[in-house]
Amino acid sequence: MSRLSDANVALARDIIARYPRRKSALIPLLHLSQEQNGYITEDAMRHIAELLDVTPAEVYGTATFYEMFRFQPTGRYLINICGTMSCALLGAHELMHHAEDVLGIKAGSTTPDGLFTLEGYECQAACTEAPCLQVNYRYFHNVTTADFDRLVDDLRAGRRSDEIPPHGTLARTRQQIPADRAAGPADPAGAGQPVWLRDEPALLATAPKAAKAKKAKKAKKAKG
């Protein structure tokens with residue numbers, strides 16, 4: 001499936017309604033599409049453009065800016081092994097070679113059964129816990145080759161489904177705003193200037209007087 005499903009179109013419209021400008025919902029809708037399909041398709045980007053009344057080029061330009069959005073079929077589990085300095089010094093390259101042997105694929109590929117995609121990534125911001133990897137952006141630290149084998153076995157057997165949802169799922173609980181707590185969208189164009197900008201002329205007008213008074217006080221104190 002490429003375009004958003006009927007259920008996700010309804011959810012998309014609910015998400016759009018939270019924003020004063022439709023285009024502001026672009027990134028949440030891209031995540032919704034990736035959760036549905038596992039990656040972002042061209043049809044999905046055209047569909048999102050229709051929902052937001054923007055061009056497909058605008059959707060594509062935003063989607064390609066962010067590393068987490070993918071444009072090719074991705075395994076149920078995306079395994080990213082960090083290869084930056086701390087991890088490299090503590091065995092990340094050996095871990096990657098081991099992962100390739102265990103999964104029977106090279107980095108950048110997906111297993112024939114569609115279960116695993118293996119990739120090398122740069123810094124995952126866990127240098128004190130090296131070597132580290134992510135599975136669908138969930139962290140695993142101080143990973144040994146034996147740890148990797150157990151992790152793959154668990155994923156194949158479905159024993160980590162409560163911890164690691166399928167690729168594309170950012171969270172299991174969606175934001176819910178009770179009707180009586182909702183602030184309602186407000187168009188920024190009609191909000192006026194921030195307080196600090198509105199008060200700036202008054203502040204500038206009083207600044208010289210304050211500086212003059214401070215100078216006089218200092219001079220008086222110097223005279224004793």
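Being a predicted model, the structure only gives us computed values, none of them experimental.
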Please walk me through it: do Asp147 and Arg150 pass salt bridge (charged side-chain N to carboxylate O under 4.0 Å, His left out)? CA-CA 5 Å; Asp147 292 334; Arg150 284 191 293 272; 2.4 Å; yes
Neighbour count above 12 (heavy atom, 6.0 Å) for Arg13 CZ: no
Fit a plane to each ring of Phe148 and His98, take the angle between them on a 0 to 90° scale, and name the class: parallel (under 30°), tilted (30 to 60°) or perpendicular (over 60°). perpendicular
Which atom pair, heavy atoms only, marks the closest approach of Arg18 to Asp14? NH2-OD2, 3.2 Å
Tyr139: which residues meet the ring pair (Phe, Tyr, Trp, His ring centres under 6.0 Å) condition with it, sequence neighbours left out? His141
Is a side-chain N or O of Thr117 found less than 3.5 angstrom from the main chain of Leu78, in a donor-acceptor match? no
Does atom CZ of Phe140 have more than 12 heavy-atom neighbours from other groups under 6.0 Å away? yes
Roughly how far, to the nearest 0.5 Å, is the CG atom of Leu30 from the CZ atom of Phe69? 4.5 Å
Less than 4.5 Å apart, side chain to side chain, heavy atoms only: is that true for Pro56 and Met45? no
About how many Å separate CD of Gln34 and CD1 of Ile40, when rounded to the nearest 0.5 Å? 4.5 Å
Is there a path of hydrophobic side-chain contacts, each under 4.5 Å between heavy atoms of I, L, V, M, F, W or Y residues, that connects Ile79 with Leu90? no
Test item: Gln36 side-chain N/O and Arg3 main-chain N/O as donor-acceptor pair under 3.5 Å: yes
Roughly how far apart are His167 NE2 and Asn136 CG, rounded to 0.5 Å? 6.0 Å
Would you check, one step at a time, whether the test side-chain hydrogen bond (donor to acceptor under 3.5 Å, both in side chains) holds for Thr111 with Asp113? CA-CA 5 Å; Thr111 55; Asp113 59 5; 2.6 Å; yes
Kindly indicate whether the side chain of Arg138, heavy atoms from C-beta on, has any atom under 4.5 Å from the side chain of Arg160. no
Can you find a heavy atom in the side chain of Ile105 that is under 4.5 Å from one in the side chain of Thr110? no
Tyr77, Tyr39: one ILVMFWY side-chain cluster at the under-4.5 Å cut-off? no
Does Thr84 reach the side chain of Glu122, with side-chain heavy atoms less than 4.5 Å apart? yes
Side chains of Glu42 and Phe71, heavy atoms from C-beta outward: is any pair under 4.5 Å? no
Starting at CG of Asn80, measure out to CD of Gln134 and round the result to the nearest 0.5 Å. 5.5 Å
Answer yes or no: does atom CD of Glu50 have more than 12 heavy-atom neighbours from other residues, nucleotides or ligands under 6.0 Å? yes
Between Asp43 and Arg46, does any side-chain N to carboxylate O distance fall below 4.0 Å? yes
Can a donor-acceptor pair be found, under 3.5 Å and without considering hydrogens, that links the side chain of Thr62 to the backbone of Glu58? yes
State, yes or no, whether a side-chain contact exists between Leu133 and Leu151 at a heavy-atom distance under 4.5 Å. yes
Does any N or O in the side chain of Asn142 come within less than 3.5 Å of the main-chain N or O of Ala130, such that one atom is a donor and the other an acceptor? yes
Got Leu4 and Leu51 here, is their nearest side-chain heavy-atom distance under 4.5 Å? yes
Indicate yes or no for a side-chain donor-acceptor contact from Thr64 to the backbone of Gly61 under 3.5 Å, with no hydrogens or angles considered. yes
same_hphob_cluster(Ile81, Leu89) at 4.5 Å side-chain heavy-atom cutoff: no
With clusters defined by side-chain heavy atoms of hydrophobic residues (ILVMFWY) lying less than 4.5 Å apart, directly or transitively, does Leu52 cluster with Val9? yes
Drop me the distance from Arg76's CZ to Ile164's CD1, to the nearest 0.5 angstrom. 10.5 Å
CG/Leu95 to CD/Glu100 distance, rounded to the nearest 0.5 angstrom? 10.5 Å
Does a side-chain heavy-atom distance below 4.5 Å link Leu115 with Leu155? no
Which atom pair, heavy atoms only, marks the closest approach of Ser161 to Gly158? OG-O, 3.4 Å
